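The structure appears right after this line, and notes come after that.
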Amino acid sequence: MAKFPTGIVSVTFRKLSPADIVALVREAAMTHIEWGGDIHVPHGDLDTATEVGQLTRDAGLVNACYGSYYRLASDEPDSVTFSTILATAVALGAPVIRVWAGNRDSADATDEYIAAVAADAHRIAELAVAKGVRVAFEYHGGTITDNAAAVKRLLASANHPNLGTLWQPSVRASPADRLAALTTLLADVAHVHVFQWIGTDRIPLSEGVSEWRAYLAALNSVDRDVPLLLEFVENDDPAAFLRDAATLRGWLAEL
């Protein structure tokens, strides 16, 4: 397997069916899919999870991750239990579950809140390891894993070897700060969400060539596979996805 297997985050195309997404990934000469828990593989729908997992494998592709919407330490009345999400990931055949580290920015999180999120992270990591599944935090605003220092703090507080993090370029940070964050998190990154935005405007990945070459150079120091998964392309257009996939393959060929 390649050091940097490539693929897609399925929520990039919420309006496409799983079969359409599988076909698109194959057309792009990619191999991995992070299936979203909102539309394509709903939480608790084990029949769909089983079907989509088999569909993926039959196409010669890999179920890279189950992109859940579980919120650590959430008391929302409609929240889904982690046990349900874990069962869905197992039915799908995903080796990693994405979770969200609470519902507030790290700057607004009290020590008590961070401790509650860490305790829940430890709890679910223990549940998941028994099923051979890893847990990784979404790296995102509106959570307490919105910067590298905050991720490191949560990982240390949760203190479980079955925890890691995803990474993506923060829209709030400069390219230099993004690279510094990725470098800080290299030992913990399960996979990377790949996109190029200006603010929240989606633009061709090729316009971030210098930025992404720096990220790839940093990742190249890691002695393991790190999937690179395209997400949220220009105009939500499959043609833009195919274009960005070709761009990413070209960069990887240069490493």
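Below, all heavy atoms of this structure are taken into account, side chains as well, without hydrogens, waters or symmetry copies. Keep in mind that this is a model prediction, so the values were computed, not measured. Here, residue 1 is the first one in the sequence, and each next residue gets the next number.
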- Note on the structure: side-chain contact (heavy atoms from CB on, under 4.5 Å) with T12: of V233, L229, L24, only one passes, and it is V233

- Item | Side-chain touch V209/R213, heavy atoms, less than 4.5 angstrom | yes

- Over all heavy atoms of both residues, which pair between L166 and A190 is shortest? Give the atoms and the distance, please. CD2-CB, 4.1 Å

- Task: Would you sort out whether R224 and K3 count as a side-chain contact (heavy atoms from CB on, under 4.5 Å), showing the intermediate values?
- Result: CA-CA 6 Å; R224 66 176 187 280; K3 186 179 183 67; over 6 Å; no

- Message: Students often mix this up, so state it plainly: with edges at 30° and 60°, are the rings of W212 and Y215 parallel, tilted or perpendicular?
- Response: perpendicular

- Give the cluster check for V129 versus L154: same hydrophobic cluster or not, with ILVMFWY residues linked at side-chain heavy-atom distances below 4.5 Å. no

- Query: Does S68 reach the main-chain N or O of G37 with its side chain, forming a donor-acceptor pair under 3.5 Å?
  - Reply: no

- Establish whether L163 and I114 are linked, either directly or via other cluster members, by ILVMFWY side-chain heavy-atom contacts under 4.5 Å. yes

- Message: For a quick test of reading the model, state the closest non-hydrogen atom pair linking R243 to P204 and the distance between them.
- Response: NH2-CA, 3.4 Å

- Sub-4.5 Å side-chain heavy-atom contact between P42 and T48: yes

- Query: Judged by atom type as modelled, is there a donor-acceptor pair below 3.5 Å linking the side chain of D146 to the main-chain atoms of D105?
  - Reply: no

- Donor-acceptor under 3.5 Å (N235 side chain, A240 main chain): no

- Message: If I compare all heavy atoms of M30 with all of A245, which pair ends up nearest, and what's the gap?
- Response: CE-CB, 3.4 Å

- Please walk me through it: do F82 and V99 pass side-chain contact (heavy atoms from CB on, under 4.5 Å)? CA-CA 9 Å; F82 184 77; V99 300; 4.1 Å; yes

- Are S79 and R71 close enough that some pair of their side-chain heavy atoms sits under 4.5 Å apart? no

- Task: Could you tell me whether a side-chain N or O of H40 sits under 3.5 Å from a main-chain N or O of L16, the two making a donor and an acceptor?
- Result: yes

- D188 and K152: side-chain contact (heavy atoms from CB on, under 4.5 Å), yes or no, with the steps? CA-CA 9 Å; D188 307 300; K152 283 293 193 181; 2.6 Å; yes

- Message: Would a single hydrophobic cluster contain both V151 and L179, if residues Ile, Leu, Val, Met, Phe, Trp and Tyr are joined by side-chain heavy-atom contacts under 4.5 Å?
- Response: yes

- Message: With a 3.5 Å distance limit and no angle check, can you tell me whether H122 reaches the backbone of A158 through a side-chain donor-acceptor pair?
- Response: yes

- Item | Spacing of CD1 belonging to I144 relative to CG belonging to N103, to within rounding of 0.5 Å | 10.0 Å

- Message: For W197 and F232, take the angle between the two ring planes, folded into 0 to 90°, and tell me which bin it lands in: parallel under 30, tilted 30 to 60, perpendicular over 60.
- Response: tilted

- Measure the spacing between CD of E34 and CD of E231 and express it to the nearest 0.5 Å. 7.0 Å

- Item | Closest contact, heavy atoms only, F13 versus D236 | CE2-O, 3.4 Å

- Kindly indicate whether the side chain of L228, heavy atoms from C-beta on, has any atom under 4.5 Å from the side chain of H191. no

- Does one side chain, of R98 or Y69, offer a donor that lies under 3.5 Å from an acceptor on the other? yes

- Task: Measure the spacing between OG1 of T165 and NE2 of H140 and express it to the nearest 0.5 Å.
- Result: 12.0 Å

- Task: Could you tell me the separation between the CG atom of L72 and the CG atom of D120, rounded to the nearest 0.5 Å?
- Result: 5.0 Å

- Would you check, one step at a time, whether the test side-chain contact (heavy atoms from CB on, under 4.5 Å) holds for T6 with L252? CA-CA 10 Å; T6 58; L252 292 174; 3.5 Å; yes

- Salt bridge between K15 and D20, side-chain N to carboxylate O under 4.0 Å? no

- Message: What I want to find out is whether D177 reaches R172 closely enough, with some N-O distance under 4.0 Å, to be called a salt bridge.
- Response: no

- Query: So how far is it from L205 CG to F241 CZ, rounded to the nearest 0.5 Å?
  - Reply: 11.0 Å

- Heavy-atom side-chain proximity of L248 to F4 below 4.5 angstrom: no

- Do the side-chain N and O atoms of N63 and T56 include a donor-acceptor pair separated by under 3.5 angstrom? yes

- Report yes or no: do T84 and H43 form a side-chain donor-acceptor pair below 3.5 Å? no

- Message: Looking at every non-hydrogen atom in both residues, tell me the closest pair between S83 and L127 and how far apart they are.
- Response: OG-CD1, 4.3 Å

- Query: Would you call the rings of W167 and Y139 parallel, tilted or perpendicular, where under 30° means parallel and over 60° means perpendicular?
  - Reply: tilted

- Donor on one side chain, acceptor on other, N147 and S106, under 3.5 Å: yes

- State, to 0.1 Å, how close V25 and T31 come at their nearest heavy-atom pair, and which atoms those are. CG1-N, 4.0 Å

- Task: Would you check if there is a donor-acceptor pair between the side chains of T143 and T145 at a distance under 3.5 Å?
- Result: yes

- Query: When hydrophobic residues are tied together by side-chain contacts of less than 4.5 Å, even through go-betweens, does F195 share a cluster with I203?
  - Reply: no

- Is the shortest heavy-atom distance from the side chain of L186 to the side chain of L219 under 4.5 Å? yes

- Side-chain donor or acceptor of R26 paired with backbone N/O of A59 under 3.5 Å: yes

- Does the side chain of V133 come within less than 4.5 Å of V96's, by heavy atoms? no

- Query: Do I97 and R134 come within less than 4.5 Å of each other through their side chains, counting heavy atoms only?
  - Reply: no

- Query: Counting N and O atoms only, with roles assigned by atom type, does the side chain of R178 sit under 3.5 Å from a partner on the main chain of A173, one being a donor and the other an acceptor?
  - Reply: yes

- Is there a path of hydrophobic side-chain contacts, each under 4.5 Å between heavy atoms of I, L, V, M, F, W or Y residues, that connects I39 with L92? no

- Item | Interatomic spacing from CD1 in I8 to CG in L230 - rounded to 0.5 Å | 7.0 Å

- Is a salt bridge present between D237 and R202, judged by a nitrogen-to-oxygen distance below 4.0 Å? no

- Residue from V9, L55, I21 passing side-chain contact (heavy atoms from CB on, under 4.5 Å) with I33: I21

- Message: Treating S221 as the side-chain partner and A218 as the backbone partner, does any N or O pair qualify as donor plus acceptor under 3.5 Å?
- Response: yes

